[in-house]
Structure formats: C-alpha cells, structure tokens
Amino acid sequence: MGKTIIISNRLPLQINISDNKIEVTPSVGGLATGLKSFHQEGDSIWIGWTGLSSEEIPEDLQDEVEKKAMEQNCVPVSLTTDEIERFYYGFSNRTIWPLFHYFMEYTEFQPEHWEGYKTVNKKYCEAVVERLDDGDTVWVHDYQLLLLPEMIRKKKPNVTIGFFNHIPFPSYEVFRTLPWREEILRGMLGSDLIGFHTYDYERHFLRSVNRILRHDINFNSVNIGNRIVKSDSFPMGIDYNKFRDAALEHRTKPRSENTDIQKKLDYHKYVTRNTKLILSIDRLDYTKGIANRIRAYGYFLEKYPEYQEKVRLIMLAVPSRTNVPQYQLLKKEVDELVGRINGKFATVNWTPIWYFYRSMPFENLIDLYCSSEVALITPTRDGMNLVAKEYISTRIDNTGVLILSEMAGAAHELNEALIINPNNFEQIVDTIKQALEMPEEEQIRRNKVLQRRLKRYSVEKWAEDFMTNLKNTRKTRKAFKTIQLTENIKKDLFDKYNSAQRRILFLDYDGTLVNFVDKPEDAKPDEELKELINKLGQQENTRVVMISGRDKETLGSWWKSIPIELIAEHGVWLRPVGEEWQLSENLNNSWMKTIRPVLETFVDRTPGTFIEEKNYSLAWHFRKANPELGEVRANELSNVLRDMISNHGLSVLQGNKVLEIKNSGVNKGKAANKRLTEKYAFIFAIGDDWTDEYLFSELPDYATTVKVGMNKTDAKYYLENVEQVRELLEEFASLTH
Ligand code: ADP
Ligand code: G6P
C-alpha cells in the first residue's frame, strides 16, 4: 500500500512572516478545514501553496518555511507574485470561480490568465511527479487544478488519480461559454474517479463531456477510448466529533476560562434578556449572498418591528481574495449596508448588527455557534457550505434553528433545516420570524435527525468512500478482459505474421483506418493511408479485405486501383481485386420504399440527423444530433422498426451513432468467413463498432481480433485509436517476408 498524495491549491496551513519570524495558522475555507482530519490521520502528504509569494519569503527563511510545513506533512509549492496574479487572482478567481457559480457577468476570459493557469498547473505536476512512488494514490482537489489530472497521467500513465470538485459544476449552457472548455474537461478526465458534492453537479459535468467532447456516457462512466473514467457524488461532511467535543468542552468550561468574545456574548445575554442572536459566518464572497442577507434583515426589522431590540445579527465575514475587484466592491457594499441598518435602527441599548471582518480562531467559532439561537446562511450558490453543518453539530442541547439557502449543496442533505430561496425576500423575512418563534420541541426534533445524519456521514466517511471507490476503479481496469496490444504482444504478432505461409487481413474502415467526421462523405482516405493499404495489398501471400458498411459506389471510388478486395454494405457486395462489383447475396430491396418515410419523420423531428441510402440497406445517422436526443430517438426508432420488419427477413443494426436496416443474415462475420476459401495461418481482423463484433465472434478461434477503443467486445485485443492502428499496419507492411 503506497501513500496518498493530496494536492490542493491552498495548504491547510497559512504561513505569515513578520519581523523575520514565521507564524503558522490554519487556513479558512471548506476544502482545507474539511480535509484536514483525513490528512492528519492517514499516511499522506499534502502539496499546496502557503499563501505567500516566493518574493515574500526571505531566502534565509526558505528552509525554515519548508521545515514548518513538513512538520505537518505538507510540501509547499512556491508561486511568484506574477503567477499568483495570473493563476490565482486571474483564471481561478476571475474566470472559473464566477462562471461555475453562475456569475457570468463577473467572468473574465483573458488569455494571459489562462496561460498562467497552465503554467502553475504544470508546476504542481512537477511537484507531484517528483514525490510519486509506485503504488501511490493521487487525490487532486478543486477548481484551481482542473488540468492537473491529465498532466500527471501523461507522465505516469498507470497511477491511480482521483479528483474532487469542491464547487458547483455549472450546467452545460453556462460551461460551454468558456473558450478553453475542451482543455478543462480533458484535464479532469485524466482522473480515474471524479467526485462532486451533489448528483446535479455530476450530471452537469457528464452532460458537458458528452456535448463538448462527444464521449459516450454510460450511467456515470465516461469512455475515453483507452480508459473508463467514473464520476460520482460524495457530499462532503465535517469532522463531527471535533465540533461536538469542542462544544461539550465549551459548555463545561469554568466561566473564568471563557474567551473575551464569550464573555461579551454572556454579558449581552445577561443585560438584554429575551434577545436572540442570529449568526452569519462566511468568507466575504459574492456567492454567499451576504449583501442580500443584510438587506433582508433590515426588511425584517421593518416588517416585524416588535423584534427591534429583541434580535441581533452577528456577522462574521472572513477577508478573502482581496485583490479581485468584485471582492473589494462587495466589501464596500457590506460596510455601507451594515452602517445604514445600524444607523437606521440602533438605539442607545441596542445595535442591530455586530459585524466582524476578520478570521477567528477555532474556539471563537465555537463560541459563536454555541451562543446563537439561529444561523442564517443564504448563499446564492455554494458547492456545499460546511458552516451550516458545523452549526448543527455544536448544538449540544439540540436547540437552534438553521435557515439555509436551497442553492447550497448542503441543502440536499439538510432537509430538516428551514430551506429558503435566497432571492425571495418575503420568504427569508418570514422564515426568520418562524425560526425565532419555533417551539423548542420542534427545534430538537429537527436537529436530532440532522445530527444523526452529520455524525454518520462525517468527513472521515466521505474520504473513505471516495478512496474506496477510487481503488475500485483499479479493479475495474484489471477486470476488463480484453488485453491492450502492447509492444511485447506486438512482437509475437509480428513473428506469427512473418512465419505464416498465407495471411488474410480484414480491415474495417470508419473509426478504424480514419477518424469519424461529421459528414460521412468527408472521411476520404488520405494519400498516406492509400499508400499504406497499397503496400499491404502488394505484399506477397497477403490478402487484404476491406470490410465496411459503406455503399459500394463510395468504397469503390476511394479504393479504385488499390489491389485489395472490397466488401460493401456489411457483406452485400464484393469486389475482388481488379474485378467489378458482384452481388454476394441474393437480396431484394423492395422494402425500402415502406421504411424510408418512417426514417424521414425521424429526420424531421431530430435536427442534425440524415438518411443514407445504400443499394440494399438504409441507414439513419445521428452523429451530429444532440447526443441525448439522438440516443432517445434511436431507441424510439428501433422499437418502431422492430414491429414493422418482423417476418420480413430484415434486421436493425446499431452501429456507432447510426441505425441501419438491412436484410437479416448479412453481416461482416458471415461475409468474412466466405473469404476463408484457403488455409490461412494468420487471420487478422480489426474494427471499432458493433457491426465488427460479428467479425470477432465468427472468425476461427486462432484469428487475431483487435477492437479500436475500450468498449465491451469479443475481440482479443484492443488499440486506443486510429493512429495506433495505422502504426501497427505500417509495421505489418514493413515486414519483409
Ligand atoms: P467556503 O468553502 O466557500 O469557504 P464553507 O462554509 O464550506 O465555505 O467552509 C468555510 C470553512 O471555514 C468552515 O469550515 C468554517 O469553520 C471556516 N471558517 C469560516 N469562518 C471562519 C473564521 N472567521 N475563522 C476561521 N475559520 C472560519
Ligand atoms: C472554497 C474553495 C477552496 C478554497 C476556499 C478558500 O472553499 O472551494 O478551494 O481554498 O474556498 O478560498 P481561497 O481563495 O482563500 O483559497
């Protein structure tokens, strides 16, 4: 068992240097606080940034900084001011963060930020690869490092890589606006497992992969040719026991040992009995809905004036990303709003809002959680929101009311909280009233359920679940029985090829010798391919049969004077070397006039699809259609056709994004077997789609069968792509015997 390497942009520790002294404090934010306990307990190292630029760390302190970090098994990655500007403040926080939280109006698309993002992801990659041993597992975190999985995979193809996205993944319509959308998706797909907080984020991601990269999705797996990538949802939990224990200790501590903040809170409660505290804690971020929360609170005091002097909002806003203009504007807005509401409603004895703009030590957070009757958490978008979970876990006597926005990932699990829409002012205001007036029994009833759930699905369980699923992807990889055609296997194959008296090669065309293009007529063979096939065809004792679903006219014109046999329409037509086309089966095509109008109605209803008419078959292509709609319609069409064609000797064949209606009994396997008129010591067949499976299953057992792409198959071996197929055939062609 190797170690786990955790990589996130920010380390769980923050380093500050003043007067040449190093100070280490914990980082704020869901990722760092949540993962910390997993890191502390296991055998892992954590690679990330300390929060300081390399220019800010004096040379003589560099070793010391590393040492301090290593004491907590952390490895600092040093970033220059310029890198921080372009990668962190730039692409991460002015492009991805706003876009993924649906703040399109804040999203900037700046090529120099993108360049900085790539450079820093590479830097992280080098730091990982340097420390990676065989058997290690890599776990990459969050939106700052979306390119990292692919970068690591390129350097270490066999390593197991997990990725977790801690923020929302936006819907396809939003994501597609990103100029670098393909690169980002490919970067993520370098992983074996990709985790999200919620099922919705996962579906959004899969849909983008399907629409943008056109990879097939099978439930929650993405087939990317040479590998299967899994995705799943794992809602992140908190270190429940840590919060619980801290709250218990808080309750039993003698008064004299209380923090200053707790003493102030106690004093306040003493002098203003019957006053309730409403708590709001977040990083100062526009996604958290802080400004609207203050406005709603103001409106609450106006709508229900009887609560003036009876409630107080404690607002803790932690400084965050202060170099980004939107955060500076928000700070200004919040300062003004707090001032306005306090100015409007304050009395000699009462300030409606206590506002703190700073980070606080853990024990003060506990003071606030334990002392507040209501927590008001109203983000407009939030990947998860751990504060909501932390508040509930510290309520030792089970009282307290959580008001939570439905836009937070946490709302999916915390149903017993009072769930609000952060844009519905009336609802927020009325819910605050409901929370303040909720009978204790009801509070207890709700919180007990919530606490049970938080205890069960803690952060340890979350990490364990993710890691178990990640390890299982390794098993799945091994269980895939088709073997990759590696260099070693190829050597044997070449020996067999060389020593065979006679050989026959069956080659599929589309998806095997050429890549798919939108219009089938554009997939003409290039000169290089023609030369290659010509060379093979001229090799002594070698019979080359191109076996395709294409019509005979196209195939014939493309391979006119090349000395190979052609089989068109899956076996209907045969063109021996140097001869004319001949019908290889006795078929009729009178059924086509009945079926064609049915296909036409599907073309009309499914934009991007079209009909290809061959001599003895009809094909309905949906490669260019919306992939989801295409699949749905293909299913629908199969069902319709099945009823129509029964007892007519026809069958429906499902190819790669195409449905083909043809005479039953015609298939590539049957057609190929008919060519085996002599004894061949070497039989080779290669193809990429479902129609080629007939070839693989019907040829004699000793045939070498190869599938292109990593799909379920009866072939013995697989190759990843067209480029590898051509490479293999080049080697066949260069063998001398
Ligand atoms: P985000 O990840 O967007 O910052 P979360 O609510 O998921 O939001 O996580 C915030 C984390 O930061 C929580 O674990 C919380 O305890 C911690 N935190 C929030 N405010 C403070 C603060 N003022 N001082 C220290 N830690 C804080
Ligand atoms: C969120 C993000 C984290 C990030 C944290 C704090 O939780 O998901 O990746 O670390 O906010 O933000 P910061 O920019 O200070 O790292």
Side-chain angles (χ1 to χ4, degrees), residues 1-54 56-79 84 88 120 123-133 136-142 144-145 148 152 162-164 166 236-243 245-246 249 283 318 320 359-366 386 390 458-464 466-467:
M1 260 288 286
K3 62 181 179 302
T4 302
I5 304 187
I6 300 174
I7 311 110
S8 68
N9 174 47
R10 195 180 278 286
L11 284 173
L13 50 87
Q14 172 98 14
I15 295 205
N16 294 305
I17 298 179
S18 65
D19 298 337
N20 237 30
K21 280 216 183 76
I22 299 176
E23 192 203 8
V24 181
T25 50
S27 298
V28 180
L31 189 167
T33 54
L35 254 187
K36 205 153 58 181
S37 52
F38 167 76
H39 173 56
Q40 280 161 352
E41 277 164 29
D43 174 19
S44 60
I45 58 167
W46 191 325
I47 298 177
W49 175 50
T50 57
L52 286 181
S53 69
S54 45
E56 283 171 304
I57 308 177
E59 230 169 83
D60 56 324
L61 283 187
Q62 266 165 17
D63 287 350
E64 185 68 11
V65 166
E66 280 196 23
K67 206 172 124 220
K68 287 264 185 227
M70 269 322 281
E71 281 168 13
Q72 300 188 33
N73 282 334
C74 289
V75 180
V77 172
S78 93
L79 301 180
I84 294 170
Y88 175 70
V120 173
K123 214 168 185 178
Y124 275 94
C125 177
E126 279 155 25
V128 175
V129 171
E130 210 177 290
R131 288 163 185 87
L132 196 60
D133 296 313
D136 285 353
T137 303
V138 172
W139 193 3
V140 183
H141 291 267
D142 229 358
Q144 303 91 341
L145 300 174
L148 190 53
I152 301 175
F163 177 83
F164 197 88
H166 290 259
M236 192 188 202
I238 55 164
D239 187 345
Y240 184 82
N241 289 334
K242 177 173 134 189
F243 283 91
D245 292 347
E249 194 191 321
R283 279 182 306 101
V318 187
S320 183
S359 192
M360 277 197 187
F362 180 70
E363 56 179 348
N364 290 139
L365 278 189
I366 300 293
L386 296 182
E390 292 169 6
S458 63
V459 71
E460 292 88 349
K461 181 83 177 65
W462 167 80
E464 192 188 305
F466 185 89
M467 286 313 243

Inspect the surroundings of CD in Glu71 and state if more than 12 heavy atoms from other residues, nucleotides or ligands are less than 6.0 Å away.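 Yes, enclosed.
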### Message
Just checking Gln62: does its CD atom have more than 12 heavy atoms from other residues, nucleotides or ligands closer to it than 6.0 angstrom?
### Response
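It does: Gln62 CD has more than 12 such atoms within range.
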Here the pair of heavy atoms bringing Val77 nearest to Ala127 is CG2-CB, 4.2 Å
Next item on the list: Measure the acute angle between the ring planes of Trp49 and Tyr88, then classify it against the limits of 30° and 60° as parallel, tilted or perpendicular.
Entry: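 Rings of Trp49 and Tyr88: tilted, 30 to 60°.
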Look at the rings of Phe466 and Phe164 and say which category their plane angle falls in: under 30° parallel, 30 to 60° tilted, over 60° perpendicular.
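Because their plane-to-plane angle is over 60°, the rings of Phe466 and Phe164 count as perpendicular.
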Between [atom1] of [X] and [atom2] of [Y], what distance do you get to the nearest 0.5 Å?
X	Y	atom1	atom2	answer
Leu13	Ser27	CG	OG	6.0 Å
Met467	Trp462	CE	CH2	9.5 Å
Tyr124	Leu148	OH	CG	9.5 Å
Ile47	Arg131	CD1	CZ	5.5 Å

* Sequence neighbours excluded, which residues qualify as ring pair (Phe, Tyr, Trp, His ring centres under 6.0 Å) partners of His39? ->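 Partners of His39 under the ring pair (Phe, Tyr, Trp, His ring centres under 6.0 Å) test: Trp46.
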Checklist entry - Does some side-chain heavy atom of Lys36 sit less than 4.5 Å from a side-chain heavy atom of Val459? => result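 Side-chain contact under 4.5 Å: no.
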Query raised in the report: Can you tell if the side chain of Asn9 reaches within under 4.5 Å of the side chain of Asp142, non-hydrogen atoms only?
Result: no
Query raised in the report: So which of Asn73, Asp43, Asp136 actually passes side-chain hydrogen bond (donor to acceptor under 3.5 Å, both in side chains) with Lys3?
Result: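 Only match with Lys3 under side-chain hydrogen bond (donor to acceptor under 3.5 Å, both in side chains): Asp136.
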Within the 6.0 Å centroid threshold, strictly below: Phe362 and Phe243: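 When the ring centroids of Phe362 and Phe243 are compared, they turn out to be within the sub-6.0 Å range.
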